[in-house]
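Each ligand, and each atom within it, is numbered from 1 in the order the structure gives.
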Amino acid sequence: MSDLVKPAVLFSKEEIQERILDIGRRITADYDGSDVAMVGILKGTIVFMADLIRAIEQPLTCDFLNVELAKDQRIEIAFSPETNFRAREVLLLQDVIDTGVTMNFILGHIQEDWQPRSLKVAAIIDREDQRKIDCAVDYACFKIVEDGFVVGYGLDSEEQYRGLPYLGMLDRKKTD
Ligand code: IMP
Ligand code: MG
């Protein structure tokens with residue numbers, strides 16, 4: 001038997017599906033038929049991407065990007081696709097946007113390196129009130145102010161909980 005704590009339900013499977021359909025409709029309308037280059041940041045966006053691409057009714061491609069924290073705590077690109085995104089409409093998927101530091105770094109890198117025509121952000125969880133640096137989220141499934149660590153629906157705590165079908169909340173660890 002696993003001794004993992006069962007997270008409290010923050011948003012149910014049904015609530016998530018409702019938001020995915022809504023965002024999918026908005027993306028379909030906003031891009032109006034132009035080819036979307038969706039790029040998911042690993043690994044927290046795998047479930048989000050799987051659902052969202054089925055809620056968008058227009059051409060799109062899927063790629064993945066990964067970042068890591070270097071020893072000096074600086075964020076670095078750990079994995080970047082070989083795909084040419086120049087002059088394309090890039091839609092970046094992120095699991096949680098909290099202080100905005102991670103996303104801000106990624107956006108800067110993409111603008112400079114890939115030179116897309118447009119660059120937008122979709123996130124599962126947006127903690128707008130925690131920003132330390134400006135970071136606009138174009139499509140947020142859920143904006144939350146609750147304290148705690150969100151897991152499930154692809155999101156992990158030390159690599160656990162990604163397979164939970166709902167978004168759950170754990171008490172934030174005292175060391176965080
Ligand atoms: P930021 O740089 O402070 O915006 O942090 C964003 C990154 O921290 C996300 O990509 C997540 O991987 C991680 N993160 C922050 N809060 C949570 C959470 O509540 N659950 C899971 N991951 C989180
Ligand atoms: Mg994580």
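N104 places a side-chain N or O within 3.5 Å of a backbone atom of D134 that can act as its donor or acceptor partner. Formation of a donor-acceptor pair under 3.5 Å by the R54 side chain with backbone atoms of A50 is found in this model.
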Anything under 3.5 Å between an N or O on ligand 1 and a protein N or O? List each pair with its distance, or write none.
{"residue": "ligand 1", "atom": "2 (O)", "partner": "T99", "partner atom": "OG1", "Å": "3.3"}
{"residue": "ligand 1", "atom": "2 (O)", "partner": "T102", "partner atom": "N", "Å": "3.0"}
{"residue": "ligand 1", "atom": "2 (O)", "partner": "T102", "partner atom": "OG1", "Å": "2.5"}
{"residue": "ligand 1", "atom": "3 (O)", "partner": "T99", "partner atom": "N", "Å": "2.9"}
{"residue": "ligand 1", "atom": "3 (O)", "partner": "T99", "partner atom": "OG1", "Å": "2.5"}
{"residue": "ligand 1", "atom": "4 (O)", "partner": "D98", "partner atom": "N", "Å": "2.8"}
{"residue": "ligand 1", "atom": "4 (O)", "partner": "T99", "partner atom": "N", "Å": "3.1"}
{"residue": "ligand 1", "atom": "4 (O)", "partner": "G100", "partner atom": "N", "Å": "2.9"}
{"residue": "ligand 1", "atom": "10 (O)", "partner": "Q94", "partner atom": "NE2", "Å": "3.1"}
{"residue": "ligand 1", "atom": "10 (O)", "partner": "D95", "partner atom": "OD1", "Å": "2.9"}
{"residue": "ligand 1", "atom": "19 (O)", "partner": "R127", "partner atom": "NH1", "Å": "3.2"}
{"residue": "ligand 1", "atom": "19 (O)", "partner": "V150", "partner atom": "N", "Å": "2.9"}
{"residue": "ligand 1", "atom": "20 (N)", "partner": "V150", "partner atom": "O", "Å": "2.7"}

For R88 and D35, run salt bridge (charged side-chain N to carboxylate O under 4.0 Å, His left out): C-alpha distance rounded to whole Å, both residues' side-chain angles, the deciding distance at 0.1 Å, then the answer. CA-CA 8 Å; R88 293 195 59 196; D35 194 18; 3.2 Å; yes
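The environment of E18 atom CD is sparse: at most 12 non-hydrogen atoms of other residues, nucleotides or ligands sit within 6.0 angstrom. The number of heavy atoms from other shown groups lying within 6.0 Å of CD (E159) is above 12.
Note on R127 versus E146: no salt bridge recorded, every NZ/NE/NH1/NH2 to OD/OE distance being 4.0 Å or above. For the pair D126 and R131, the salt-bridge criterion is met [side-chain N within less than 4.0 Å of a carboxylate O].
Atoms of the protein (N, O or S only) found under 2.8 Å from the Mg ion (ligand 2) are D156 OD1.
In this structure, CD1 on I125 lies 10.0 Å from CZ on F48, to the nearest 0.5 angstrom.
A cation-pi arrangement is absent between K13 and Y153, since the terminal nitrogen or guanidinium carbon is not both under 6.0 Å from the aromatic centre and inside a 45° cone about the axis.
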